[in-house]
Amino acid sequence: MTAVPGAPAGAGPGEAAGPAGQGWATAGPAGIDPSVRETVEQIVQAVRDGNDARIRALLATLAAVADTAALLYLRERLYATQ
């Protein structure tokens, strides 16, 4: 495996580059759709940015597809320390 400059240790050519500990958080619990996981991460960022309009729009999007696991994941991500 060839190292990718700027990528975390162990990251390969197909993986996101960037400093370890930044960018998207965890992969999330198994069974959550990747698009739902992405929406949750966008909500978390909007909350941290204080963007109320974006939060409302993203919550409406999430509400259309969320199940209990997705809502628990959102809660976990919102309460996680930065």
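Values in this document were obtained by computation on a predicted structure and should not be read as measured data. Every heavy atom of this structure was used, including side-chain atoms; hydrogens, water molecules and symmetry mates were not.
Under the 4.5 Å side-chain heavy-atom criterion for grouping Ile, Leu, Val, Met, Phe, Trp and Tyr, Leu62 is not connected to Leu72 through any hydrophobic cluster.
The shortest heavy-atom contact between Ala66 and Leu71 is CB-CD2, 4.0 Å. Residues Ala46 and Arg54 approach most closely at CB-CG, 3.8 Å, considering heavy atoms.
Annotation: the span from Asn51 atom CG to Leu58 atom CG amounts to 8.5 Å, rounded to 0.5 Å.
For the pair Arg77 and Tyr79, the cation-pi criterion (under 6.0 Å, within 45° of the ring axis) is not fulfilled.
The only member of Val47, Asp49, Val44 that meets side chain to side chain contact (heavy atoms under 4.5 Å, CB included) when paired with Ile55 is Val47.
Asp33 contributes a side-chain N or O that, together with a main-chain N or O of Ser35, makes up a donor-acceptor pair within less than 3.5 Å.
Looking only at atom types and distance, the side chain of Glu41 has no donor-acceptor partner in the side chain of Gln45 under 3.5 Å away.
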